[in-house]
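Side chains included, hydrogens not; waters and symmetry mates left out as well; all remaining heavy atoms used. Atoms within a ligand are numbered from 1 in the order they appear, just like the ligands themselves.
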Amino acid sequence: MESITERFKNQAISATPVAVRKICCIGAGYVGGPTCAVIALKCPHIQVTIVDLNQSRVDAWNSPDFKLPIYEPGLEDVVRQARGKNLFFSTDVDKGIREADLIFVSVNTPTKKSGVGAGFAADLNYVELATRRIAAVATSSKIVVEKSTVPCRTAESMRTILEANSKNGCRFDILSNPEFLAEGTAIKDLFSPDRVLIGSLQTPEGISACKSLADVYGNWVPQDRVLTVGLWSSELSKLAANAMLAQRISSINALSAICEATGANIDEVAFAVGKDSRVGPKFLKASVGFGGSCFQKDILNLVYLSESLHLPEVAAYWRQVVEMNEYQKRRFSKRVVDTLFNTITGKRIAVLGFAFKADTGDTRESASISLIRDFQSEKAYVNVYDPQVEHSQIWMDLSEASPSMSLDQIKKQVTICPSAMDACKNAEAVVIATEWKEFNNVDWEAIYAGMNKPAFVFDGRLLVDAEKLRKIGFQVTTIGRGERL
Ligand SMILES: NC(=O)C1=CN([C@@H]2O[C@H](COP(=O)(O)OP(=O)(O)OC[C@H]3O[C@@H](n4cnc5c(N)ncnc54)[C@H](O)[C@@H]3O)[C@@H](O)[C@H]2O)C=CC1
Ligand SMILES: O=C(O)[C@H]1O[C@H](OP(=O)(O)OP(=O)(O)OC[C@H]2O[C@@H](n3ccc(=O)[nH]c3=O)[C@H](O)[C@@H]2O)[C@H](O)[C@@H](O)[C@@H]1O
């Protein structure tokens, strides 16, 4: 693959690249906010305006005490340095669009809930509305950058909409620039990305637009990390990257079931396998199942794409990655019930962690939601604690997961606690669902003293020192470790 240096050396750019002076980002969410805040920080000569229709989100980005709408290590510091200088948050979408030379479309692309492709296809309504808004209000030419994760060839639909509605001779060049940051490490990932991928049409204008965007990243990203490809390769590479990352987790989780049945230890297996430099050690941590807003959504999107292309075997292959994840979550809750003498009715279970991973307050598709729903349906009482997730978010997620229950009914079974220690008081079992470091550092002796006996710990994250806890007196069950020695 060509790096940006090679590409521009090898191809004459007949259209002159625009030097980007003003950027607008449509969508002030987990991607738009941090990504464009970092662009503002690294490019003081560029004015960056992040716009969103959601007033309370924008207000939070603008809050005087920097109570930002998302929790992300290092983000506050970036916003503090740039906000009010060359970084602005606003609900005036039209003004943002009109003033910009380059517009990132960073809106949500959730899985469709109804209609054709429901449950699989991406809902492109938000992308289309944003694109139509650009077409409606633009009074000068723009580079429009697809930042959202979208199905292959979405850029073509965007181009058709923009060209059909273009006025006053405005030109629109469309680029694909998918985002690879992970939550919890977003700022680190943005400061030093493994790669920045830019897809463009292979026309002189497309390549020139690509160079304009590459120059923005060139302010801090080494040139050999800026990769340029065709539009469709770029769109597909994003889906492929997430599918392959999730596939590794499902593979290790599938092996964790074998470990539990045989007495092998999944950490040892992962270590041994990961030592092969062709496999590598990262992303091989067995867990209670992957969560997050994107893995499941993007794989289902790939499944839908494969089916639409009449590739049922390909679709079935990727679908299995998601099915294995569902199996892992079910298997874990069943193990809790089985271990607690086949019934948890009336028993109190402490669930430590509600976010889908540590260092984020995001709960989208979190394994905790499925676990708590399963415990509720077994008529257990659940105490939940998470250091970052808002209580209102927990109630919203649990209500959505059990639509037949009223919030009052849910609150009779579930209590949100102010600390891990409080959550574990009088519980029969502790379930570690998120790998927050603080769960390792809690006073396990004091927790043990406050629990009913026998006291059980179920470590769904391979987080705690099982031997240490056993010495205290806990019965410990760890994902991917069997009872046989
Ligand atoms: N969350 C993540 O870590 C990553 C997400 N992505 C992708 O990035 C995209 C955005 O994801 P998130 O930032 O997590 O979503 P999000 O839901 O946090 O943010 C999207 C924002 O767009 C706003 N919005 C929607 N339509 C709008 C419109 N027409 N005009 C103005 N604002 C509008 C919404 O109000 C919302 O605040 C998705 O396609 C996702 O797949 C990609 C990489 C990482
Ligand atoms: O498109 C996206 O949204 C992003 O999705 C993931 O990022 P994210 O979901 O934020 O977080 P990950 O670190 O990938 O974790 C996803 C889930 O997998 C779990 N996981 C991760 C790694 C592992 O070894 N085992 C494991 O169970 C995590 O606990 C979490 O629940 C990708 O890592 C990003 O590159 C991508 O940009």
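- Atoms of ligand 2 found under 4.0 Å from any heavy atom of Ser287 (numbered from 1 in listed order, with element): 26 (C), 27 (O).
- Scanning all protein heavy atoms for the shortest distance to atom 29 (O) of ligand 2 gives Arg461 NH1, 2.7 Å.
- The contact set between ligand 2 and Lys238, taken as ligand atoms under 4.0 Å from a residue heavy atom, comprises 1 (O), 2 (C), 36 (C), 37 (O).
- The atoms of ligand 2 that sit less than 4.0 Å from any heavy atom of Leu284 are 24 (O).
- Among the atoms of Lys147, none of the N or O lies under 3.5 angstrom from an N or O of ligand 1.
- Under a cutoff of 6.0 Å and an axis angle of 45°, Arg80 and Phe66 form a cation-pi pair.
- Heavy atoms of Arg364 come nearer than 4.0 angstrom to ligand 1 in at least one pair.
- Per-residue contacts place Glu179 under 4.0 angstrom from the following atoms of ligand 2 (heavy atoms of the residue considered): 37 (O).
- Distances below 4.0 Å separate heavy atoms of Cys294 from the following atoms of ligand 2: 1 (O), 2 (C), 3 (O).
- In terms of polar-atom proximity, Thr149 is counted as a contact of ligand 1, with an N or O under 3.5 Å from an N or O of the ligand.
- Checked options Asn242, Thr109, Leu245; the residue passing with Asp298 is Asn242 (criterion: side-chain contact (heavy atoms from CB on, under 4.5 Å)).
- Among all non-hydrogen protein atoms, the one lying nearest atom 9 (O) of ligand 2 is Phe356 CE1, 3.5 Å.
- The shortest non-hydrogen separation linking Ile174 to Ala155 is CG2-CB, 3.9 Å.
- In terms of polar-atom proximity, Lys238 is not counted as a contact of ligand 1, lacking any N or O under 3.5 Å from an N or O of the ligand.
- Atom 25 (N) of ligand 2 has Lys285 O, 2.8 Å as its closest protein atom, hydrogens excluded (heavy atom only).
- Ranking protein heavy atoms by distance to atom 5 (O) of ligand 2, first place goes to Phe295 CE2, 3.6 Å.
- Phe290 does not carry Lys357 over the face of its six-membered ring by the limits of under 6.0 Å from the centre and within 45° of the normal.
- An N or O contact shorter than 3.5 Å is missing between Asp298 and ligand 1 by distance.
- Between Thr109 and ligand 1, at least one N/O pair is under 3.5 Å apart.
- Residue contacts with ligand 1: Cys294 is placed with no nitrogen or oxygen under 3.5 Å of a nitrogen or oxygen of the ligand (distance criterion only).
- Note that Arg83 lies outside the cation-pi zone of Trp61, set by a 6.0 Å cut-off to the ring centre and a 45° limit from the axis.
- Geometrically, Arg195 engages Phe180 in a cation-pi contact defined by less than 6.0 Å to the ring centre and at most 45° from the axis.
- Among the atoms of Ile249, none of the N or O lies under 3.5 angstrom from an N or O of ligand 2.
- Ligand 2 lies within reach of Leu181, whose nearest heavy atom is under 4.0 Å from it.
- In this structure, of Glu183, Lys357, Glu365, Glu435, the residue bringing a heavy atom nearest to atom 11 (O) of ligand 2 is Lys357.
- Numbered from 1 in the order shown, with element, the atoms of ligand 2 that lie under 4.0 Å from a heavy atom of Phe180 read 34 (C), 35 (O), 36 (C), 37 (O).
- No donor-acceptor pair closer than 3.5 Å links the side chain of Asn108 to the backbone N or O of Pro110.
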Under the side chain to side chain donor-acceptor pair (under 3.5 Å) criterion, do Ser140 and Lys142 qualify, and how do the steps go?
-> CA-CA 7 Å; Ser140 59; Lys142 314 281 176 204; 3.1 Å; yes

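- Ring orientation note: the planes of Phe458 and Phe456 are close to parallel, at an angle under 30° on the 30°/60° scale.
- Among all non-hydrogen protein atoms, the one lying nearest atom 17 (C) of ligand 2 is Gly291 O, 3.5 Å.
- Nearest non-hydrogen protein atom to atom 14 (O) of ligand 2 is Phe283 CZ, 3.1 Å.
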